Amino acid sequence: MRTTHLRRTGGSLLALGVAATLVACSTGGPGTATDGGDATGASSSGPRLAVSSEGRVTVLDGETLETVGEFDSEEFTRLNPAGDGRHVMVTTSEGFQVLDTAAGSSSEPALTDLVFDADTAGHVVRHGGKTILYADGTSDTTVFESADLTDAVTDGELPAIETVEGVEAHHGVSVVLEDGTFLTTVGDSDGRTGIEVRDADGAVVAQSDECPGVHGEGTAADEAVVFGCEDGALVYHDGTITKLASPSQPYGRMGNAWVSETSPIVVGDHKDDPDAEGYLLHAVTLIDTAADTLDVVDLPEGVEYTFRGVARGPGDLAYLIGTDGAVHVLDPATGELTDSWPVVAPWEGPAEWQDAHPAIVVAGDVGYVTEPATNSVHAVDLTTGEVLSSRGLDVTPNEVAVATAD
């Protein structure tokens, strides 16, 4: 196996100020909404939904789906929960910009001027009370305590961070476990090969180069971490890396993982044809991190999905928005679809992965499903299948993230 060393910057926390950067395209300061649309600034003690569209980020009330804030942004942005239940990371050309959804508070949403600088901002990981940001352009990892973000934003500055410097830039991801163990992908401009694991002092404790095209991660019960490969997956648990081969050989790619930290079973996507056009998938990967098994389950004919179309929810079940327009309930323990509820009209896959197409995110027992074809968002009770509310927008929803007010 090949070893690639990371440089850890002393393990100390760096006081920030240098990373606070104004994003030129942002016109909304703290507590400011644009004049367009039907922004109300209404307060809510429940969840908030952040929705990206071309040149805009919109914040919706999680119960009524009414618009409570709209902010100018870049043409295409990605959205990820920040880990504290209130804020969302908006991925821009400058880095990770902090969106305050005001979930669970009496204040109004704000697209703040606070930015975690990153050269080609990529994955956002939340685990063990920490938020982990990865910069593809440098392979640097930024780590901070998720709970520190609210006070930091109130003070107008970013929280203290730890920076783990990378070696060779690549589209990667890092994870930090509760005991300080640091896991990160290994790769360069020619490709990605595997992962490296370091203890809290920075010493290499495990490594593997048996994961071609490594992409995506997820942390399941008992801090078992899964990374997807083009021929299966890697599982790290209790100091050991295990390679699980896909039954589809030589190519059986898993690139995204949907996890519950109370379940040992990881639900992943599955692609068995490297030359397939488009982004629709017809099977899922099920990884039991306790038994070290990997299985692939085909979905019924006519049910396909994309990387935006799966989420974990009540009962540790998986919920999938299919091209038939239904939300399908998948039991990870059996691989069976136990229920299906029509929510949106049937849809076709995107021509490019960035293109708007249906997505699902979950807060408690409620799933939020976007419907770009009708510029709508729907709230679904995931215990009954009832559509609780629907709301038309004056923009086409693309990416979506939920702030739960936890």
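Computed from a predicted model, the values in this text were never measured in an experiment.
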Close side-chain approach of Ser389 and Glu63, heavy atoms under 4.5 Å: no
- line: Here the gap from Asn80 atom CG to Leu99 atom CG, rounded to the nearest 0.5 Å, amounts to 12.0 Å
task: Would you check if Met254 and Asp269 make a side-chain contact, meaning some heavy-atom pair closer than 4.5 Å?
output: yes
message: When you compare the side chain of His127 with that of Glu261, does any pair of heavy atoms fall below 4.5 Å?
response: yes
- prompt: In this structure, which one of Gln354, Arg308, His357 forms a side chain to side chain donor-acceptor pair (under 3.5 Å) with Asn398?
  reply: Arg308
- request: For residues Val327 and Val369, determine if any side-chain heavy atom of one lies less than 4.5 Å from a side-chain heavy atom of the other.
  value: yes
query: So, the side chain of Asp331 versus the backbone of Gly335: is there a donor-acceptor pair under 3.5 Å, distance only?
result: no
field: Donor-acceptor under 3.5 Å (Glu223 side chain, Glu178 main chain)
entry: yes
- prompt: Between Val329 and Trp341, is a side-chain contact (heavy atoms from CB on, under 4.5 Å) present by the stated rule, with each step listed?
  reply: CA-CA 9 Å; Val329 184; Trp341 308 308; 3.5 Å; yes
- request: Can you tell me which residue pairs pass the disulfide bond (SG atoms under 2.5 Å apart) test with a partner in residues 136-216, sequence neighbours excluded?
  value: Cys211-Cys229
message: Under the rule for side chain to side chain donor-acceptor pair (under 3.5 Å), what residues qualify as partners of Arg192, not counting sequence neighbours?
response: none
query: So, does His87 use its side chain to make a donor-acceptor pair with the main chain of Gly85 at under 3.5 Å?
result: no
message: Show, in sequence, the C-alpha distance, side-chain angles and deciding distance for Glu74 and Thr77, and conclude whether the side-chain hydrogen bond (donor to acceptor under 3.5 Å, both in side chains) test is met.
response: CA-CA 6 Å; Glu74 296 182 354; Thr77 57; over 6 Å; no
- prompt: Once you round to the nearest 0.5 Å, how far does CG of Asp100 lie from CG of Leu149?
  reply: 8.5 Å
- prompt: Is the closest side-chain heavy-atom distance between Ser174 and Ile132 below 4.5 Å?
  reply: yes
- prompt: Are His215 and His123 close enough that their ring centers fall under 6.0 Å?
  reply: yes
field: Side chain proximity check, Val197 to Thr181, heavy atoms < 4.5 angstrom
entry: yes
- line: Tested for side chain to side chain donor-acceptor pair (under 3.5 Å) against His170, the lone hit among Thr185, Asp136, Thr138 is Thr185
task: Dump the intermediate steps for side-chain contact (heavy atoms from CB on, under 4.5 Å) on Leu280 and Thr306, then the final yes or no.
output: CA-CA 5 Å; Leu280 292 179; Thr306 76; 3.8 Å; yes
- prompt: Does the separation of the ring centres of Tyr236 and Phe227 fall below 6.0 angstrom?
  reply: no
query: Just wondering, do Arg86 and Ser105 contact through their side chains at under 4.5 Å, heavy atoms?
result: yes
- request: Could you pull out all residues at least two apart from Ser390 that satisfy side chain to side chain donor-acceptor pair (under 3.5 Å)?
  value: His378
field: Minimum side-chain heavy-atom gap Thr293-Ile287 below 4.5 Å
entry: no
